[in-house]
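Lettering follows sequence order; numbering is per chain, from 1.
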Number of protein chains: 2
Amino acid sequence: MPSADRRLQPRRKPRQVRAELTRERILTAAAHVFAEYGYAAGTTNRVAERARVSIGSLYQYFPNKDALLAELLLRHIDRGTWPQADRLELTPGSLEKTVRALVRDAVDHHRDDPHLLRIMIEEATISQEVLDAIDRHGRVRVAQVRDLLARHPDVHVRDLGTAAELIVFTVEMNTHKLMAAPQTIPVETFENELVDMVTRYLSGGGPQQPADPSPPGG
Amino acid sequence: MPSADRRLQPRRKPRQVRAELTRERILTAAAHVFAEYGYAAGTTNRVAERARVSIGSLYQYFPNKDALLAELLLRHIDRGTWPQADRLELTPGSLEKTVRALVRDAVDHHRDDPHLLRIMIEEATISQEVLDAIDRHGRVRVAQVRDLLARHPDVHVRDLGTAAELIVFTVEMNTHKLMAAPQTIPVETFENELVDMVTRYLSGGGPQQPADPSPPGG
DNA sequence: CAGTATTGTGAACAATCGCTCAGCTCTCTG
DNA sequence: CAGAGAGCTGAGCGATTGTTCACAATACTG
């Protein structure tokens, strides 16, 4: 990257441990405040107050409000990206286990930020730099899943790319719903059904129908 | 409901057609402004400006900003709820058509409000009255789909309730994504894949597996 | 057409926002 | 312990927000 956005650079870099600690406290507070109030109502004063730091200190390490959000999102993204992709078994009959691992991974990824990521993306004016990072992250994730599907013997779908995009989004959204609001239905039941849906979808095309009597186009 | 929220009642009711028209213009403008700017940045002045009405007029018919959002959401909800549920054919082999009708219905329901509903629910502080209506709407929709699945001969799932909740949410979210952002993948392709996933899920349990060698509970 | 109720106007207010800056406290160095 | 620089404070600035209110414009009534 040739040049980072100037408006995301801090006034001064921390040189003592004390400062580094303050910076971290501010960031943690921002995560909580944004998650609780949303971005617009999550004011910088509230963030400073929660961090038990004066508003001036906040603006020593973050040039503006958007910079707080930018760093939070970038951290969240960098932490993800599915490190255990290689350790999954890709033997016949293991598809359900593989899918379940995908779902569990999504759960882990969502646990620390109940609303954050989603709210922020919808609400705030995010710098192009961060938007690109998010987009890149999504693409990488879809590509990973696509490769996984391609290597798995039980997967039979028309188009791997579309299938990967569909299930990544579906798993992510359902997981988000699962984590955000306590449901009437038990979590395990819902997870089982989600796993079933994806598994049946991916393996369902196996014995291909020889002819389609009436194509759905209309 | 014994008593509506006082803070959602207008100052005065319109008695001339002129006033009714103004009220409608304000509401339409609010829908567009909120959808474009989000709730926080969609200021009342912007709404009044777009409606070609002074800010004072706005506050004659809506006691505050939240009342605008409340009425928009309630209208959106009352308009929905799937009127064509009875006209679907429930003969063997028609499951894909039924699912596709579900998806198409979701598309229609989302067409007029590109972001509105989703953004609003996440962002704003919504009165309990409106939250209840939204909740009620979701429950009705899930119940309708559950009944539909129950009556369809090709549907074989463990739990109809969970399945209905899962597919309603999944279809709704994927449709929203489909409408909101122009994809790299063609819309038809994505729709076909979504229909396939749900169809295979619902019919996949048909020839029940006699025994499950390793239950997934962990 | 005069009189009255209804509707529409927009400058201005109080509250709150993101953010600054002059000056304080703390830590490091010798 | 004294000087210097790094870290921290918080009252307050300008801008913007949701909202009000005194008044003008318009529509109904007799």
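- Near DNA chain C, meaning a heavy atom under 4.0 Å from it, residues 43-52 of chain B has no residue at all.
- In this structure, the OH atom of A/Y61 is 8 Å from the C1' atom of D/dC8, given to the nearest Å.
- Computed from coordinates, the B/L58 CG to C/dT7 P distance equals 15 Å when rounded to whole Å.
- Defined by atom type and a distance below 3.5 Å, a donor-acceptor pair is present between the side-chain atoms of B/D66 and B/Y39.
- A/N192 and A/R100 share a side-chain donor-acceptor pair at under 3.5 Å.
- Rounded to whole Å, the distance from CD on A/Q60 to C1' on C/dG23 is 13 Å.
- Regarding B/E20, its CD atom lies at a distance of 15 Å from the P atom of C/dT6, rounded to whole Å.
- Here the side chain of B/I55 is nearest to one of C/dT7, D/dC8, D/dT20, namely D/dT20.
- Considering only side-chain N and O atoms, A/S57 lies under 4.0 angstrom from the phosphate OP1 or OP2 of D/dT9.
- Here A/E165 pairs with B/K177 in a salt bridge; the nearest charged N to carboxylate O distance falls below 4.0 Å.
- The side-chain hydrogen bond (donor to acceptor under 3.5 Å, both in side chains) search around A/E24 returns A/R75, not counting sequence neighbours.
- If you measure from atom CD1 of A/I26 to atom P of C/dC19, you get 14 Å, rounded to the nearest angstrom.
- The pair B/R139-B/D135 meets the salt-bridge criterion, with a side-chain N (NZ, NE, NH1 or NH2) lying under 4.0 Å from an Asp/Glu carboxylate O.
- Remark: P of D/dT16 and OH of B/Y37 are 14 Å apart, rounded to the nearest angstrom.
- Donor-acceptor pairing under 3.5 Å is recorded for the side chains of B/N174 and A/T170.
- Regarding A/R18, its CZ atom lies at a distance of 16 Å from the P atom of D/dG5, rounded to whole Å.
- Considering only side-chain N and O atoms, B/Y59 lies nowhere under 4.0 angstrom from the phosphate OP1 or OP2 of C/dT9.
- A salt bridge links B/E71 with B/R23; the closest basic N to acidic carboxylate O contact falls under 4.0 Å.
- For B/K65, the listed nucleotide lying nearest its side chain is D/dG18; candidates were C/dT7, D/dG18, D/dG7.
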